[in-house]
Amino acid sequence: MNKKIHALLWGAFSTGGFVAAFLLPSFIILNSILFHPSGIISSDPISYENAIIRFNNPLFKMYLIVLFSTTLIHGLYRFKAFLFEVGFLPYKKPITGLVYLIISIGTASTLFFVLSSLF
Amino acid sequence: MSKEFKPYVEKNNNFWWLTNRRYFTYAMREISGLVMSLYVLISIYEISQLTSGSSSFIDFRLLAASPLMFMFSVIALAFTLLHTITWFELTGKIQKDQVPKISGKSPPIFALVIVNMLILFAASYLIYFLFW
């Protein structure tokens, strides 16, 4: 692989690791556990009205784009490397293609849904 | 009489990561990447339902209220925290040579992990304050 492309991919991987380490735990706790829809604590922050207000915040949009895209890059790239260590190395090319396809679809979907509400 | 000896070819053991605790922790750290990605893909679906209107979003929330989804969220959080702690340990090994030395010695890695955890708590509170 071209050294520059490889270096860019490693940079994206590293950024994803940093973002996932600092931003993902709080997102999971706030979005899925603390304010659970069952209303264990309070489901009000995740009601449709509050979710729309939060979603329309430009800072929140940037936060989602960065969080989702970099976590996908880091997580899937890491899992791909692990698969090669547990016997799937003969299938390197299709696995790599599938991983990059999922990353591309995930990132494109995030950009589409987050930015489409601007228009 | 001479004997011919075949070269020894070690058999691949794809379950090497189950042979000791350190390998197992390493494997769980790598698998955390898959779990985090699955959670993000579900969140992207949630965003798509949010942009589709209140009825779609409410349908998703009913799904999210199920015990299975809640369990998955807890498991995703556990794997994410494993990733976080191991990431801080990894970056601590790099940071210890970059931060100012105290009495000519680099700070211990666990101290840098604690500093990173404090930054994590601060960042988490900031996100809660800004968006929730």
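Each chain gets a letter, A, B and so on, in the order the sequences are listed, and its residues count up from 1.
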Heavy-atom distance under 4.5 Å to chain A: side chain of [X], backbone, both or neither?
{"X": "B:Tyr39", "value": "side chain"}
{"X": "B:Leu38", "value": "neither"}
{"X": "B:Leu50", "value": "both"}
{"X": "B:Thr51", "value": "side chain"}
{"X": "B:Phe88", "value": "side chain"}

### Query
Can you tell if the side chain of A:Phe79 reaches within under 4.5 Å of the side chain of B:Ile31, non-hydrogen atoms only?
yes
### Task
Report yes if the side chains of B:Gln49 and B:Arg61 come closer than 4.5 Å at any heavy-atom pair, otherwise no.
no
### Side-chain donor-acceptor pair present, A:Ser26, B:Tyr125, cut-off under 3.5 Å
no
Among [options], which residue forms the greatest number of heavy-atom pairs with chain B at distances under 4.5 Å?
{"options": "A:Ile53, A:Leu59, A:Ile103", "value": "A:Leu59"}
{"options": "A:Leu76, A:Asn50, A:Ile102, A:Thr110", "value": "A:Leu76"}
{"options": "A:Ile46, A:Ile29, A:Leu67", "value": "A:Ile46"}
{"options": "A:Gly87, A:Pro25, A:Gly16", "value": "A:Pro25"}

### B:Tyr128 and A:Phe35 aromatic ring geometry - parallel, tilted or perpendicular at 30°/60° bounds
parallel
Contact origin within [X] toward chain B - heavy atom pairs under 4.5 Å:
{"X": "A:Phe27", "value": "both"}
{"X": "A:Ile73", "value": "neither"}
{"X": "A:Glu85", "value": "both"}
{"X": "A:Leu64", "value": "side chain"}

### Task
Select, from B:Gly33, B:Ser124, B:Ser37, the one with the greatest count of heavy-atom pairs under 4.5 Å involving chain A.
B:Ser37
